[in-house]
Protein chains: 2
Amino acid sequence: MPVDPHSHVPIYEQIVEHIHGRITAGVFRPDEPLPSIRALAIELLVNPNTVQRAYQELERQGVAYTQKGLGVFVAANGAISARSMSEASVCERFEQGIDLARAAGLGDPTIRRLFDRSLHEVRETSSRHSTNGPSLPGEEASS
Amino acid sequence: MPVDPHSHVPIYEQIVEHIHGRITAGVFRPDEPLPSIRALAIELLVNPNTVQRAYQELERQGVAYTQKGLGVFVAANGAISARSMSEASVCERFEQGIDLARAAGLGDPTIRRLFDRSLHEVRETSSRHSTNGPSLPGEEASS
DNA sequence: ATGGCTGTACTAGTAACCTAATACAGTATA
DNA sequence: TATACTGTATTAGGTTACTAGTACAGCCAT
């Protein structure tokens, strides 16, 4: 449950990005159901309305589709869509950091050094996310 | 005026990070005055109260100090403080991106590829920030 | 058909961030 | 002293994100 209520990014967006990651990683496969709104709300200690909003966003993106009374399912091309959305989110964060660094007059070598430092720190602190399995088959084929 | 009212990060924090960058880059030097609250509010098209909040935060961090009736000035060790705060902000963004990427099952090579792509894209789009001069003496000495 | 799931919809309330307007206090200069 | 800058403080109002509670509607198994 990687949701941080104190983050500046809205919870529903965190959920959307979380689902993107799960689909990209192959945890949720096309035509398989996502966790029910209520179940995920309980798991994340979040209001069901917040989860619903996230699922609406996923449907708007074409990553998922809804069958009333049955649940929300991963779309046929959901894996591809989710992958590109995931990469976009990642790059967005990277670009924000790079913008900040450039504004501070930092050069590319320094920026790369900071990135490497972050890469190593996250490795040490990566004892969270992944509620069902700590080791997953890491997809390794960038477009 | 790099302030984005539509961003999820509060305007006052954007201002704080902006000032950090200016001090780190040597635009604002120790014991020199920062722009007045009202002047910066006009420049950024923002409410003076928002700028005041940013300046309060800078003072709380020890980056700046206030002399009532005179203005807000860069602290003696403001450059060092601002530099570390800038780097922390940059790394925070990087770590957010890395967390997202790992949650999507992406491996280090892919993550580095995305980072390089971001680095190049920002270079092309870097025709903003820096209100007074496009080229500044780039500090190049990381701790 | 009843019960238990699913998603959907609506209203109300809270908190954070920001805006707006105003008033006050300290400092410098003419 | 008057003026014009500085920062400070207070009150009110708006928007967004989220919470909370409730009610409704579709699907399915018993």
Side-chain angles (χ1 to χ4, degrees), chain A residues 1-19 23 28 31-75 78 89 92 96, chain B residues 1-19 23 28 30-75 78 89 96:
Chain A
M1 48 175 158
V3 170
D4 175 18
H6 304 99
S7 167
H8 287 133
V9 21
I11 295 179
Y12 75 94
E13 281 194 22
Q14 295 182 47
I15 296 175
V16 167
E17 289 174 338
H18 176 229
I19 303 290
I23 296 177
F28 301 138
D31 288 323
E32 279 184 4
L34 296 175
S36 84
I37 289 180
R38 288 173 177 82
L40 189 56
I42 291 170
E43 179 190 338
L44 300 182
L45 299 175
V46 151
N47 193 278
N49 292 336
T50 306
V51 178
Q52 187 196 4
R53 178 156 183 188
Y55 278 14
Q56 282 176 341
E57 178 66 14
L58 287 170
E59 189 165 13
R60 198 193 60 78
Q61 294 173 347
V63 173
Y65 64 93
T66 286
Q67 276 187 278
K68 274 186 67 175
L70 284 180
V72 180
F73 301 82
V74 179
S89 298
E92 188 182 328
Q96 285 173 8
Chain B
M1 44 173 161
V3 171
D4 175 17
H6 303 100
S7 167
H8 287 135
V9 21
I11 294 179
Y12 77 93
E13 281 195 23
Q14 293 182 46
I15 295 175
V16 168
E17 289 175 338
H18 178 228
I19 303 290
I23 295 176
F28 301 137
D31 288 323
E32 280 184 3
L34 296 175
S36 84
I37 288 180
R38 289 172 178 80
L40 189 56
I42 292 171
E43 180 190 338
L44 300 182
L45 300 174
V46 152
N47 193 279
N49 291 337
T50 306
V51 178
Q52 188 197 2
R53 178 156 183 189
Y55 278 14
Q56 281 175 340
E57 178 66 15
L58 287 170
E59 189 164 12
R60 198 192 60 78
Q61 294 173 346
V63 173
Y65 63 93
T66 286
Q67 278 187 276
K68 275 184 67 174
L70 284 179
V72 180
F73 302 83
V74 180
S89 299
Q96 286 173 8

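So you know, we letter chains A, B, ... as the sequences are listed, proteins then strands, and number each from 1. All figures in this text were calculated on a predicted structure; none of them were measured in a lab.
To the nearest 0.5 Å, atoms CG (Asn47(B)) and CD1 (Ile42(B)) are separated by 11.0 Å. Tyr12(A) contributes atom OH, which lies 13.5 Å from atom CD of Gln52(A) (distance to the nearest 0.5 angstrom). For the atom pair His18(A) NE2 and Ile23(A) CD1, the distance stands at 10.5 Å (nearest 0.5 Å). We find the CG-CD distance between Leu58(A) and Glu17(A) to be 10.5 Å, quoted to the nearest 0.5 Å.
The side chain to side chain contact (heavy atoms under 4.5 Å, CB included) test applied to Glu57(A) returns Val16(A), Arg60(A), Gln61(A), not counting sequence neighbours. For Pro48(A), the side chain to side chain contact (heavy atoms under 4.5 Å, CB included) criterion is met by Ile37(A), Ala41(A), not counting sequence neighbours. Residues meeting the side chain to side chain contact (heavy atoms under 4.5 Å, CB included) test with Glu13(A), sequence neighbours left out: Val9(A), Pro10(A), His8(B). In this structure Gln14(B) satisfies the side-chain hydrogen bond (donor to acceptor under 3.5 Å, both in side chains) test with no other residue, sequence neighbours excluded.
Among all heavy-atom pairs drawn from Tyr55(A) and Pro35(A), the shortest one is OH-O, 2.7 Å. Of all heavy-atom pairs spanning Ala75(A) and Gly62(A), the tightest one is CB-O, 3.3 Å.
Between Thr50(B) and the phosphate of dT19(C), there is a side-chain N or O to OP1/OP2 separation shorter than 4.0 Å.
Atom P of nucleotide dC18(D) and atom CG of Asp4(A) are separated by 12 Å, given to the nearest angstrom. One interatomic measurement links the two molecules: CD of Gln56(B) to P of dT10(D), which rounds to 11 Å at whole-angstrom precision. Per the geometry, CZ belonging to Arg60(B) stands 19 Å off C1' belonging to dT8(D), to the nearest Å. Here dA25(C) presents its P atom at 17 Å from CD1 of Ile37(B), a figure rounded to the nearest Å. In this structure, Glu57(A) places its CD atom 12 Å from P of dC18(D), rounding to the nearest Å. With rounding to whole Å, Phe73(A) atom CZ is found 13 Å from dG26(D) atom C1'. One atom, CG of Leu40(B), and another, C1' of dC5(D), lie 16 Å apart when rounded to the nearest Å. Here dT6(C) presents its P atom at 14 Å from CD of Gln52(A), a figure rounded to the nearest Å.
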Distance-only donor-acceptor hits, side chain of residues 64-71 of chain B, under 3.5 Å, sequence neighbours excluded:
unit_1	atom_1	unit_2	atom_2	d
Tyr65(B)	OH	Asp31(B)	OD1	2.8
Thr66(B)	OG1	Glu59(B)	OE1	3.2

Find every protein N or O atom lying less than 3.5 Å from an N or O atom of nucleotides 20-24 of chain D, and list the pairs.
unit_1	atom_1	unit_2	atom_2	d
dA20(D)	N7	Asn49(A)	ND2	3.4
dA20(D)	N6	Asn49(A)	ND2	3.0
dG21(D)	O6	Asn49(A)	ND2	3.1

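In this structure, of dT6(C), dA9(C), dT19(D), it is dT19(D) that holds the atom nearest to the side chain of Val46(A).
Within residues 61-71 of chain B, the residues approaching DNA chain D are Thr66(B), Gly69(B), Leu70(B), Gly71(B), by heavy-atom distance under 4.0 Å. Sorted by residue number, the members of residues 6-17 of chain B with any non-hydrogen atom under 4.0 Å from DNA chain C read Pro10(B), Ile11(B), Tyr12(B).
None of Leu40(A), Val63(A), Val72(A) except one satisfies the side chain to side chain contact (heavy atoms under 4.5 Å, CB included) rule with Leu34(A); the exception is Val72(A).
With the end axes of the helix from dA1(C)-dT30(D) to dA30(C)-dT1(D) each set by five pairs, the angle from one to the other reads 0° at 10° resolution.
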